Amino acid sequence: MAHQILVLHGPNLNLLGSREPAIYGHLSLDDINTELATQAAGFGCALQTFQSNSEGELVTRIQQAAQDGTTYIVINAGAYTHTSVAIRDALAAINIPFVEVHLSNVYKRESFRHHSYLSDIAVGVVAGLGVAGYLAALNFAAHQSQS
Ligand code: DQA
């Protein structure tokens, strides 16, 4: 059975394209989601994407994933990566494997970005590859066997 993949985008990622383009690139979130949709279709996977600036909305969407047939999650939690026990707990609760993605190489940046509440429970982490990181994570997820 093909994977049903949920890509989650956290706070301020709605501003991609105009937000610090030297760090995050020139593509908008719509551009990234379009690239993801094209790749998912090629793999025969179902894809849903969701962006929120709200920690609670992200937690609620993660909880819904346990009920809606989602089989893999790709998440760029933005700044909540570095602060949110609630998002970590939601991901830990639902037992759906996930890949953590960052457009920028967070390890080249301020030290507060070096800690992630998600990495130690993620299947893997991709950072610093821009949109290619999302596509790599989607490619990886699409080709994992399902339990
Ligand atoms: C980010 C890195 C985070 O530190 C930052 O707060 C973001 C985006 C990235 O994609 O590089 O909002 O997750």
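Everything numeric in this text was worked out from a predicted model, so none of it was measured.
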Subject >> Main-chain N/O of Gln144 paired to His3 side chain as donor or acceptor, under 3.5 Å >> reply: yes

**OP:** Indicate the atoms forming the closest heavy-atom contact of Ile96 with Ala65, along with that distance.
**Re:** CD1-O, 3.6 Å

**OP:** Give the minimum heavy-atom separation between Pro21 and His26, together with the two atoms involved.
**Re:** CB-CE1, 3.6 Å

Original post:
Distance only, no hydrogens: is a donor on one side chain within 3.5 Å (strictly under) of an acceptor on the other, for Asn33 and His9?
Top reply: yes

Subject >> Sub-6.0 Å ring centroid separation between Phe43 and His143 >> reply: yes

**OP:** Take Ile62 and Phe98 through the side-chain contact (heavy atoms from CB on, under 4.5 Å) test and state the conclusion after the steps.
**Re:** CA-CA 11 Å; Ile62 291 164; Phe98 73 93; over 6 Å; no

**OP:** Hey, could you give me the CG/CG distance between Leu13 and Leu29, rounded to the nearest 0.5 Å?
**Re:** 6.5 Å

**OP:** Examine Val125 and Leu8 and state if one hydrophobic cluster contains both, with Ile, Leu, Val, Met, Phe, Trp and Tyr joined whenever side-chain heavy atoms are less than 4.5 Å apart.
**Re:** no

**OP:** Treat each ILVMFWY residue as a node, draw an edge where side-chain heavy atoms are under 4.5 Å apart, and state whether Ile73 and Val101 are in one component.
**Re:** no

**OP:** Heavy atoms only: give me the nearest Ala137-Val74 pair and the separation to one decimal.
**Re:** CB-CG1, 3.9 Å

**OP:** Look at the side-chain heavy atoms of Ile, Leu, Val, Met, Phe, Trp and Tyr, link any pair under 4.5 Å apart, and say whether Leu58 and Ile94 land in one connected group.
**Re:** yes

Original post:
Between Tyr117 and Arg88, is there a cation-pi geometry (under 6.0 Å to ring centre, at most 45° from the normal)?
Top reply: no

Subject >> Under the side chain to side chain contact (heavy atoms under 4.5 Å, CB included) test, residues paired with Ala86 that sit two or more places apart >> reply: Glu55, Val59, Ser84

**OP:** Please round to the nearest 0.5 Å and tell me the distance separating atom CD of Gln51 and atom CZ of Arg61.
**Re:** 13.5 Å

Subject >> Sole candidate of Leu47, Thr70, Asp68 that passes side-chain contact (heavy atoms from CB on, under 4.5 Å) when paired with Leu6 >> reply: Thr70

**OP:** Could you pull out all residues at least two apart from Asp31 that satisfy side chain to side chain donor-acceptor pair (under 3.5 Å)?
**Re:** Ser28

**OP:** Can you measure from CG (Leu103) to CG (Leu27) and round to the nearest 0.5 angstrom?
**Re:** 9.0 Å

Subject >> Rounded distance (nearest 0.5 Å) linking atom CD of Glu20 with atom CG of Asn12 >> reply: 9.0 Å

Original post:
Would you say the side-chain atoms of Ser119 pair up with the backbone N or O of Ser116, donor to acceptor, closer than 3.5 Å?
Top reply: no

Original post:
In the single-linkage hydrophobic clustering (I, L, V, M, F, W, Y; side-chain heavy atoms under 4.5 Å), do Phe50 and Tyr72 co-cluster?
Top reply: no

**OP:** Treating Ile, Leu, Val, Met, Phe, Trp and Tyr as nodes and any side-chain heavy-atom pair under 4.5 angstrom as an edge, say whether Leu118 and Val126 lie in one connected cluster.
**Re:** no

Original post:
Would you find a donor on one side and an acceptor on the other, under 3.5 Å apart, between the side chain of Tyr80 and the backbone of Asn53?
Top reply: yes

Original post:
Given the side-chain rings of His102 and Tyr134, with only the six-membered ring counted for Trp, is the space between their centroids under 6.0 Å?
Top reply: no

**OP:** Drop me the distance from Asp120's CG to His115's NE2, to the nearest 0.5 angstrom.
**Re:** 7.0 Å

Original post:
Would you call the rings of His114 and Tyr107 parallel, tilted or perpendicular, where under 30° means parallel and over 60° means perpendicular?
Top reply: tilted

Subject >> Heavy-atom closest contact (Ala2 atom, Gly44 atom, distance) >> reply: CB-O, 3.1 Å

Original post:
In Å and rounded to the nearest 0.5 Å, what is the OG1 to CD1 distance from Thr81 to Ile75?
Top reply: 7.0 Å

Original post:
Which heavy atom of Pro11 sits nearest a heavy atom of Ala79, and at what distance?
Top reply: CG-N, 4.2 Å

**OP:** Just do the side chain to side chain donor-acceptor pair (under 3.5 Å) check on Arg109 and Ser104 with the steps written out, would you?
**Re:** CA-CA 9 Å; Arg109 301 180 63 194; Ser104 65; 2.9 Å; yes

Original post:
Under the 3.5 angstrom rule, does the side chain of Gln39 hit a backbone N or O of Leu135 as a donor-acceptor pair?
Top reply: yes

